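Naming convention: chains lettered A, B, ... in sequence-line order (proteins, then strands); numbering from 1 in each chain. Everything numeric in this text was worked out from a predicted model, so none of it was measured.
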Amino acid sequence: MEFIVSLLTATLRVATSILLAAIGETYAERAGVLNLGIEGTMFFGAFVGFYVADLTGSLWIGLAVAVLSGIIAGLLMALFSVTLGVNQHVSGLGLTLLLSGLALFAFRLKYGGRSTPPSIEPFPLLSPFRGIPILETLGEQYLLTYITFLVIVPLAWWLLYHTDFGLKVRAVGENPEAVDAAGVDVYRIRYLALVIAGGLMAAGGAFLSLAQLGAFTHGIVSGRGWVAIALVIFGNWDPFKVTLGSLIFGGTFALQLRLQAMGLQLPIPYETFLALPYLVTIAALVIAGRNAAYPAALLKPYRRE
Amino acid sequence: MSRWITVEKRETPPLGTRLLIPLLALGGTFLLTSGLILWGHANPLRAYYYFLIAPLSSRFSLFEVLVSATPLILTGASVTFAFSGGYYNIGAEGQLYAGAIAAAGVGLLVGGLPVPLAILVLLVSGFLAGMAWAWLPAWLKVRWAVDEVVTTLLLNSVMAYIVSALLNGPWRDPESGWPQSPEIAASAHLPKLAARSRLNLGFLIAVLTLIVLWYVLNHTAFGLKLRAVGLGKSAARFAGIPVERTMFAAALISGGIAGIAGVCEVAGIQYHLIDALSAGYGYTGIIIATLGGLNAWGVGAAALFFGLIDTGAQTVSRVLGVPVYLGEVTQATMLLVTLAVLLLQHYRIRIGRR
């Protein structure tokens with residue numbers, strides 16, 4: 001029992017950064033843009049958050065500037081995929097390579113000479129349910145985790161399905177011509193979706209450096225952005241189902257951490273466990289993604305004739 | 001409806017614009033990256049001298065440019081093959097490592113073979129290994145329509161852990177304890193093309209691959225089918241082309257070529273499998289294929305230029321202390337700027353409200 005509770009606790013923590021990014025990607029893809037800049041935006045957000053927090057001594061300022069950097073990344077993605085109508089695969093990967101390179105450049109420039117890796121005091125864990133069994137452990141989370149699960153996800157669901165804005169976002173992802181004919185500015189809606197997406201992706205990256213690790217490393221994101229993209233497909237572009245997907249990934253990741261910590265003498269290398277969450281994600285994608293109903297206008301640039 | 005920037009189509013781009021494109025792309029890239037150079041406390045003009053001119057000024061560094069270009073030519077060719085067929089293989093990075101593992105493993109066993117045979121065995125096993133690693137996403141794509149972009153990306157992460165498992169497990173160097181595989185047999189080393197340099201047969205293999213790529217894409221029935229599928233799947237299907245089978249073949253061959261890149265790095269440069277064998281060559285290959293316009297000669301030119309940037313970034317880092325990642329930033333910036341400038345060909349950009 002104790003094992004399961006601690007596993008679930010770790011699951012929520014691990015799932016947070018992926019979930020933030022995946023909700024961001026959901027906005028982008030719902031509006032018809034596949035943002036492969038996600039991995040780079042997370043990495044850049046992780047660096048900017050860490051650097052600014054280290055510089056100012058404030059984790060919150062670090063987080064805010066990281067989100068701002070993500071918004072700028074989203075605008076850049078929008079410039080290429082929406083205004084210029086460039087192939088989304090290529091422009092997204094280009095953005096990831098650019099942002100990764102920039103973060104590595106700046107990290108080397110600012111922290112290159114140090115013998116020990118730089119670190120900061122990360123966000124504290126909250127424990128609002130002290131004295132209540134199970135909940136006491138389960139609820140011991142970062143404020144950002146609470147915000148992600150209790151605010152960001154329901155808000156995304158409400159925005160996408162129950163507001164005029166959400167209707168427009170989903171419509172430009174399905175049939176931009178019709179939306180345009182109805183007098184809605186397709187470009188504007190896609191720009192807005194990509195800006196929200198970029199901010200959330202960078203927040204997901206900053207969660208890693210400001211909460212989970214309290215440091216910035218080269219492997220801090222290590223493919224989590226790609227996992228998030230898989231989870232969006234797995235979750236059929238529905239924020240709650242995407243959350244379920246992120247819990248499956250988080251659960252597998254937490255499980256492998258536990259198994260490693262138990263120090264079992266197994267005849268297989270520990271990297272098997274590290275690779276497991278990625279393999280589970282592929283399996284989930286195959287099982288649930290076969291009947292995936294992609295937004296009809298995904299990958300298609302829109303241009304008024 | 002109004003907005004600040006509008007893009008309008010125009011029929012034929014003026015000749016002047018077309019000639020201007022490479023210059024604008026280069027100029028734009030240098031302008032944007034010079035901010036970073038200033039941030040790194042260096043003079044942009046001096047930096048660009050070391051970046052682009054200095055590597056061409058000595059025999060050794062000129063050969064180094066070709067050495068750097070070798071894996072980029074191969075991954076560029078790999079990506080070109082897949083993208084031409086409308087298959088978005090983003091997994092060249094993992095497939096490169098698959099080929100490298102094969103070379104490092106088979107390379108231990110071919111000590112008794114004559115050099116040409118040993119090298120041939122290595123190349124074939126690397127090609128097969130790259131194909132094998134490309135098989136699962138390709139099969140999932142044609143069988144279950146599972147998005148290949150996501151699966152190939154995820155498998156890159158899995159491959160990184162496989163390499164790590166090998167280097168920290170069975171292949172850890174027993175003497176030094178370094179995470180590197182034992183040195184491959186001398187008969188499997190790719191011969192040097194010039195004394196006192198690292199230039200080796202790998203470069204010629206890469207050039208040969210480009211020639212084959214050009215021939216297959218432009219002068220064979222398979223290449224024609226492949227490009228037809230890439231242009232439009234439903235039209236190709238209507239024309240009686242077996243779309244799934246063609247895409248599947250393109251995916252596997254693409255993986256095989258990326259595997260060759262891994263063989264050339266192991267057998268031509270390192271002689272061991274190491275963790276940092278590839279500096280993201282699989283991803284850079286996507287930039288190169290795009291800048292090269294999915295054309296063999298374009299890929300060759302882009303890869304040579306990127307080899308120059310990689311070599312130059314090392315020099316800039318050594319001489320001026322600007323972080324070596326300037327190279328990566330420059331390459332990505334060049335891609336994005338070129339994509340933007342290319343649109344000038346067909347579109348007129350109007351600024352201001354209508």
Side-chain angles (χ1 to χ4, degrees), chain A residues 34 36 39-40 76 79-80 83-87 89-91 93-109 112 180 183 185 187-188 219 222-227 229-230 233 268-275 277-279 281-282 285-286 289-290 292 294 303-305, chain B residues 1-3 5-7 9 36 39-41 83 88 90 136-137 140 144-147 149-151 153-166 168-170 280 283-284 286-287 289-290 317 321-333 335-336 339-340 342-343 347 349:
Chain A
L34 170 73
L36 289 183
E39 179 85 4
L76 207 57
L79 173 68
F80 281 94
T83 304
L84 298 174
V86 173
N87 175 314
H89 286 124
V90 172
S91 53
L93 282 166
L95 187 63
T96 281
L97 294 172
L98 175 68
L99 293 174
S100 308
L102 278 176
L104 290 170
F105 182 92
F107 185 60
R108 172 70 62 87
L109 197 64
D180 193 354
D185 190 335
Y187 284 27
R188 215 177 108 114
S222 63
R224 282 179 173 78
W226 313 135
V227 171
I229 289 192
I233 302 171
I268 46 172
Y270 78 93
E271 283 90 352
T272 314
F273 297 117
L274 291 171
Y278 298 91
L279 294 170
T281 305
I282 293 177
L285 192 62
V286 174
R290 273 186 295 173
Y294 282 81
R303 201 162 277 131
R304 290 190 98 191
E305 290 308 322
Chain B
M1 183 159 129
S2 60
R3 64 178 78 86
I5 303 174
T6 46
V7 181
K9 196 153 183 134
L36 281 186
W39 194 31
H41 311 294
F83 279 31
Y88 283 92
I90 322 287
L136 181 67
L140 289 174
W144 303 110
V146 177
D147 187 23
V149 173
V150 183
T151 47
L153 278 169
L154 289 172
L155 283 178
N156 287 343
S157 301
V158 174
M159 179 50 85
Y161 290 122
I162 293 180
V163 170
S164 159
L166 281 170
N168 291 311
Y283 299 106
T284 314
I286 296 162
I287 304 187
T290 306
S317 164
V322 179
V324 70
Y325 300 105
L326 179 64
E328 288 176 28
V329 177
T330 307
Q331 292 173 346
T333 307
L335 170 76
L336 293 174
L339 287 174
L342 271 177
L343 283 168
Y347 297 96
I349 294 170

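Residue B:Thr290 touches chain A through its side chain alone, counting heavy-atom pairs closer than 4.5 Å. Proximity to chain B (any heavy atom under 4.5 Å) is shown, for A:Val286, by both the backbone and the side chain. The part of B:Ser157 that comes within reach of chain A is its side chain, from C-beta onward, which places non-hydrogen atoms under 4.5 angstrom from that chain.
Here the side chains of B:Leu140 and A:Ile282 are in contact, with some heavy-atom distance below 4.5 Å. The shortest side-chain heavy-atom distance between B:Tyr325 and A:Phe107 does not fall under the 4.5 Å cut-off. Using a 4.5 Å cut-off on side-chain heavy atoms (C-beta onward), A:Leu102 and B:Leu36 make contact.
Contacts of B:Asn156 classified as side-chain hydrogen bond (donor to acceptor under 3.5 Å, both in side chains), with partners at least two apart in sequence or in another chain: B:Tyr283. With sequence neighbours left out, B:Tyr88 forms a ring pair (Phe, Tyr, Trp, His ring centres under 6.0 Å) with A:His89, B:Phe83.
Interface remark: of the candidates B:Leu166, B:Val149, B:Ile162, B:Val149 forms the most heavy-atom pairs closer than 4.5 Å to chain A. Between chain A and the options B:Leu136, B:Leu326, B:Ile287, heavy-atom pairs under 4.5 Å are most frequent for B:Leu326. Among the candidates A:Leu36, A:Leu109, A:Thr281, the residue making the largest number of heavy-atom pairs closer than 4.5 Å to chain B is A:Leu109. Comparing A:Thr272, A:Leu95, A:Ile229, A:Leu274 by heavy-atom pairs within less than 4.5 Å of chain B, the highest count is held by A:Leu274.
For the atom pair CG of A:Leu97 and OG1 of B:Thr284, the computed distance is 6.5 Å after rounding to the nearest 0.5 Å.
Nearest heavy atom pair, residue B:Val329 against residue A:Gly101, reads CG2-C, 3.3 Å.
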